[in-house]
4 protein chains.
Amino acid sequence: MIIDPKSHVPIYKQIAAQILDAIDAGVYRADEMLPSLRALAADIRVNPNTVQRAYDELEREGIVYSKRGVGLFVAGGRTAAARGAAEKKVVKLLRESVLAGQSAGLTPDRIRTLFEYTLSESLSQSERRTRT
Amino acid sequence: MIIDPKSHVPIYKQIAAQILDAIDAGVYRADEMLPSLRALAADIRVNPNTVQRAYDELEREGIVYSKRGVGLFVAGGRTAAARGAAEKKVVKLLRESVLAGQSAGLTPDRIRTLFEYTLSESLSQSERRTRT
Amino acid sequence: MIIDPKSHVPIYKQIAAQILDAIDAGVYRADEMLPSLRALAADIRVNPNTVQRAYDELEREGIVYSKRGVGLFVAGGRTAAARGAAEKKVVKLLRESVLAGQSAGLTPDRIRTLFEYTLSESLSQSERRTRT
Amino acid sequence: MIIDPKSHVPIYKQIAAQILDAIDAGVYRADEMLPSLRALAADIRVNPNTVQRAYDELEREGIVYSKRGVGLFVAGGRTAAARGAAEKKVVKLLRESVLAGQSAGLTPDRIRTLFEYTLSESLSQSERRTRT
DNA sequence: GTGGTCTAGACCACA
DNA sequence: GTGGTCTAGACCACG
């Protein structure tokens with residue numbers, strides 16, 4: 001696992017993303033235990049609290065579940081599988097978008113701006129549909 | 001110009017993005033002067049410091065240039081036109097990605113996470129290519 | 001007996017609750033002996049310490065009593081019957097509350113927060129009454 | 001605001017609940033600013049991080065929104081109003097349930113157990129409906 | 001041993 | 001000044 005402390009993306013989000021990646025890649029399977037808070041923290045030279053925060057986020061999103069005094073486990077079930085498949089497709093599309101932007105010489109920041117714009121645009125549209 | 005103070009995107013980035021949009025849309029043409037710092041700040045009820053930061057960012061990216069004591073001007077040339085076209089394509093691709101995510105029931109937050117992940121992935125890869 | 005290790009409710013409380021349910025349902029009658037610690041622990045694949053804690057809680061609440069070196073016995077009497085009836089009523093009321101919350105689109109987490117709030121509110125009020 | 005550090009309910013949840021209570025009671029109105037992190041922390045003699053956590057939870061639940069460098073604000077809109085009304089009803093029902101339990105001599109712990117049981121029961125039922 | 005919460009204090013980005 | 005993130009280290013409940 002690679003952490004970039006200089007990135008403006010919070011470390012705990014970097015951790016959460018990479019754990020999720022590992023799960024999707026099949027490194028950890030359903031109901032399998034993840035590395036303990038302290039073990040992972042020591043491994044990547046990061047404060048246990050920061051790892052805790054990453055795990056919190058994953059648990060909130062329903063990707064893992066925790067058993068106090070036991071450990072953290074990968075949430076299983078169809079939901080997870082379906083989500084995984086859908087996300088793979090989205091990531092593939094996003095990758096194309098990002099590459100198109102990079103080859104056109106756009107800065108990462110500019111690409112992010114375009115993304116945020118697109119996202120908020122879609123949100124306000126779906127909101128409008130809801131109201132109608 | 002519309003500012004959304006509830007968004008987690010910094011206001012200065014929102015301003016920079018909208019000025020860029022205006023330039024691409026032809027509202028401001030090459031070597032034309034942009035609204036003065038104070039004028040724009042007063043217009044959108046925002047701290048002048050914040051507008052300053054937006055202008056800084058645009059200048060750093062080479063989209064505008066400043067004449068000391070005179071004002072800020074749009075940098076012209078083919079680059080701007082080419083960039084505009086490229087961005088349109090990227091936005092189109094991003095829109096597809098976002099829609100795919102939404103129709104799969106992913107939360108905006110989740111889509112953003114996937115985007116940030118994809119972006120950082122591409123960055124580290126192009127970095128690796130550069131080193132080689 | 002069914003234990004849900006994914007639940008955030010401690011396992012020992014899950015055990016205690018289900019034994020109490022069994023008593024109320026008449027599975028164990030007054031002054032009848034409950035399954036031994038080790039037997040129950042083996043049955044539900046749980047650490048004996050955990051079962052011990054459940055039994056402790058039940059004894060503290062006066063629902064069972066222990067005979068040293070012999071076993072654990074159901075405390076009998078009118079109290080148990082009365083309590084059983086009262087609990088049925090409470091569950092009925094709680095069920096209405098939960099259903100109202102769910103049909104209003106509240107998340108389970110949110111409903112739990114409201115419950116904890118209500119409970120602590122009632123506690124501080126009865127405390128105040130006690131002091132007066 | 002009253003905090004009970006001895007309670008087993010986490011302090012940050014106590015804070016979140018009381019802020020929510022204040023909002024529902026009209027102490028803070030839509031788009032009004034809440035007390036700053038540090039101010040509130042100093043007021044109730046608690047670490048700023050703990051208050052932060054409470055605010056995080058409220059923001060995640062869509063009850064408040066934060067503006068970096070500005071402050072925390074009450075989220076407005078119909079959604080909030082509708083939610084507020086629904087929750088009031090639920091709290092009223094819960095209060096009846098809790099009082100019924102208390103007057104029957106049930107311990108708070110036992111009432112909580114009954115609640116968790118009821119909640120999980122409703123959840124598994126609605127899940128079953130979804131699968132069908 | 002595990003996860004969950006809390007404190008003390010620091011640095012950063014933003015307005 | 002604000003909120004957001006991070007570290008260091010502590011104590012607790014649980015199994």
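A, B, ... follow the sequence lines: proteins, then strands. Residue 1 opens every chain.
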Side-chain donor/acceptor contact of Arg38(D) with base of dG1(F) under 3.5 Å: no
How many whole angstroms separate atom CD1 of Ile11(A) from atom C1' of dC11(E)? 12 Å
Rounded to whole angstrom units, what separation is found between the CD atom of Glu57(C) and the C1' atom of dA13(F)? 13 Å
Is it true that Glu57(A) and Arg60(A) have a side-chain N and a carboxylate O under 4.0 angstrom from each other? yes
With the side chain defined as heavy atoms from C-beta on, Val46(D) is closest, among dT5(F), dT7(E), dG4(E), to dT7(E)
Would one find a side-chain N or O of Arg53(D) under 4.0 angstrom from OP1 or OP2 of dT5(E)? yes
Where DNA chain F forms runs of at least three Watson-Crick or G-U pairs (i with j, i+1 with j-1, under 3.5 Å), the stems are E:1-14 with F:1-14
Ignoring backbone atoms, test whether Tyr12(C) places a side-chain nitrogen or oxygen under 4.0 Å from the OP1 or OP2 oxygen of dG15(F). no
Nearest-Å distance, CE (Met33(D)) to P (dA15(E))? 14 Å
Identify whether the distance between the nearest side-chain nitrogen and carboxylate oxygen of Glu87(C) and Arg110(D) falls below 4.0 Å. yes
Out of Val64(B), Leu34(B), Ile63(B), which residue meets the side-chain contact (heavy atoms from CB on, under 4.5 Å) rule with Tyr55(B)? Leu34(B)
Asp31(D) and Tyr65(D) side chains, donor-acceptor separation under 3.5 Å: yes
Under 4.0 Å: is that the gap between some side-chain N or O of Ser36(A) and OP1 or OP2 of dG1(E)? no
Flag side-chain contact, heavy atom, 4.5 Å: Asp4(C) against Gln14(C): yes
By nearest heavy atom, map Val9(D) and Leu37(A) onto DNA chain E; which one lands nearer the 5' end? Leu37(A)
Which of these nucleotides, dC14(E), dA13(F), dC6(E), is closest to any side-chain atom of His8(D)? dA13(F)
From dT7(E), dG4(E), dA13(F), pick the nucleotide closest to the side chain of Asn47(D)? dT7(E)
With a cut-off of under 6.0 Å to the ring centre and 45° to the axis, is Lys67(A) in cation-pi contact with Phe73(A)? yes
Rounding to a whole Å, what distance do you find between Glu59(A):CD and dT2(E):P? 17 Å
Presence of Thr50(D) side-chain N/O under 4.0 Å of dT7(E) phosphate oxygens OP1/OP2: yes
Within this structure, what is the CG-to-P distance between Leu58(A) and dG3(E), rounded to whole angstrom? 13 Å
Below the 4.0 Å mark, does dG15(F) have OP1 or OP2 next to a side-chain nitrogen or oxygen of Arg68(A)? no
Expressed as a whole number of angstroms, how long is the span from Lys13(D):NZ to dT5(E):P? 7 Å
Any salt bridge between Glu116(A) and Arg112(B), counting N to O under 4.0 Å? yes
Leu40(D) CG to dT2(F) C1', in whole Å, measures 14 Å
Quick one: are Phe115(A) and Val98(B) in side-chain contact, heavy atoms under 4.5 Å? yes
Rounding to an integer number of Å, can you tell me how far Asn49(C) CG sits from dC14(F) C1'? 10 Å
